[in-house]
There are 2 protein chains.
Amino acid sequence: MVVDELTDETVNRIFRALADATRRDIVRRTLIAEVSVSQLAQAYDMSFAAVQKHVAVLEDARLVTKDPRGRERMVRGNPECIRQAQRLLDQFEEIWRSRIDRLDALLSEGETPSTQKG
Amino acid sequence: MVVDELTDETVNRIFRALADATRRDIVRRTLIAEVSVSQLAQAYDMSFAAVQKHVAVLEDARLVTKDPRGRERMVRGNPECIRQAQRLLDQFEEIWRSRIDRLDALLSEGETPSTQKG
DNA sequence: GTAATCTACAACCAAATGGTTGTAGATGAA
DNA sequence: TTCATCTACAACCATTTGGTTGTAGATTAC
């Protein structure tokens, strides 16, 4: 079991990185296969430097990793970071679910004894 | 089945709203029970107006809803929006998984026939 | 060696973000 | 009514964000 001991700042970076369509597209592409920064840059209607910055934001959030292959920098999506984000959302879901459970418990307390468990 | 036809801007707003610790905490609290804006404001070391803005960001992203109760505005977490975000992350996970499947397929092509499924 | 390609990084800019204070309108309580 | 509370919203400010251009260093190709 992986204990997630993510700081607020870490979580901030992950969600902020995902809050941009270009960056989400980069994550998708690089989850499918590793791609160089220049290959990525060709895919978008913006400068190479702009794409470079987007990759840097993703790398800072650990959503992608970058490693040298000759003069290129190959970018790969990091599925583990995606899973961390999933777990965070699962926690919200869980909070809501447990609230519903409590409400259900309250309701059944108010019902006729025949509906009580036992 | 809910078809998610979310625009990029919609998704941007959801993730950006989640990219702040105070706002994530507001979502948690309001998923547990509805809370007024002033009650929320008491929980954080910042001005009422600042908390009001955070709630507005969450409301814009549909992560919470706000409805009037007398002079108060009760804030409630919206679990459906959380689930939309979960589905988005699931899509990433799925992209990665299908890539692994393709890699597995390529590998098994090169293996001995005994390892083929059949 | 020379030229082309890929990357890093700085400087700059407009717009968005996250906070503040202040003012004013509704609503509830005395 | 009068006062306190809750909210809305504008104005302002510092920082961050998302883009640009330009320069320079590595690596590859010829």
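Chain A is the first sequence line, chain B the second, and so forth, proteins listed ahead of strands; every chain is numbered from 1.
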Axis deviation across the helix from C:dG1-D:dC30 to C:dA30-D:dT1, five-pair ends, to the nearest 10°: 30°

Can you tell me how far C1' of C:dA4 sits from CD of A:Glu72, to the nearest Å? 13 Å

How many Å lie between CZ on B:Phe48 and P on C:dG18, as a whole number? 18 Å

How about CZ on A:Arg62, more than 12 heavy atoms from neighbouring residues, nucleotides or ligands closer than 6.0 Å, or not? no

Is there a side-chain contact between B:Lys66 and B:Val37 in this structure, where contact means two heavy atoms from C-beta onward sitting under 4.5 Å apart? yes

Whether B:Arg83 engages the ring of A:Trp96 as a cation-pi pair (distance to the six-membered ring centre under 6.0 angstrom, angle to the ring normal within 45°) should be assessed. yes

CD1 of B:Ile26 versus C1' of C:dG18: gap in Å, rounded? 12 Å

Grab the CZ-P distance between B:Arg13 and C:dT17 for me, whole Å please. 10 Å

Any heavy-atom pair between the side chains of B:Ile26 and B:Leu63 that's under 4.5 Å? no

Mapping A:Arg16 and B:Ala49 to their closest nucleotides on DNA chain C, which lands nearer the 5' end? A:Arg16

Interatomic distance where CE belongs to B:Met74 and C1' belongs to C:dT27 [whole Å]: 15 Å

Rounding to an integer number of Å, can you tell me how far B:Gln52 CD sits from C:dG19 P? 14 Å

Upstream residue (5' side of DNA chain D) when A:Arg69 and A:Val51 are each assigned their closest nucleotide: A:Val51

A:Arg73 CZ to C:dT5 C1', straight-line distance once rounded to whole Å: 13 Å

Which residues satisfy the side chain to side chain donor-acceptor pair (under 3.5 Å) test with B:Gln42, sequence neighbours excluded? none

Please compare B:Gln42 and B:Lys53 by the position of their nearest nucleotide in DNA chain D and report the one closer to 5'. B:Gln42

Salt bridge present between B:Arg28 and B:Asp25 (N-O < 4.0 angstrom): yes

Reading DNA chain D from 5' to 3', where do the contacts with chain B start and stop? Cut-off is 4.0 Å to heavy atoms. D:dA4 to D:dA11

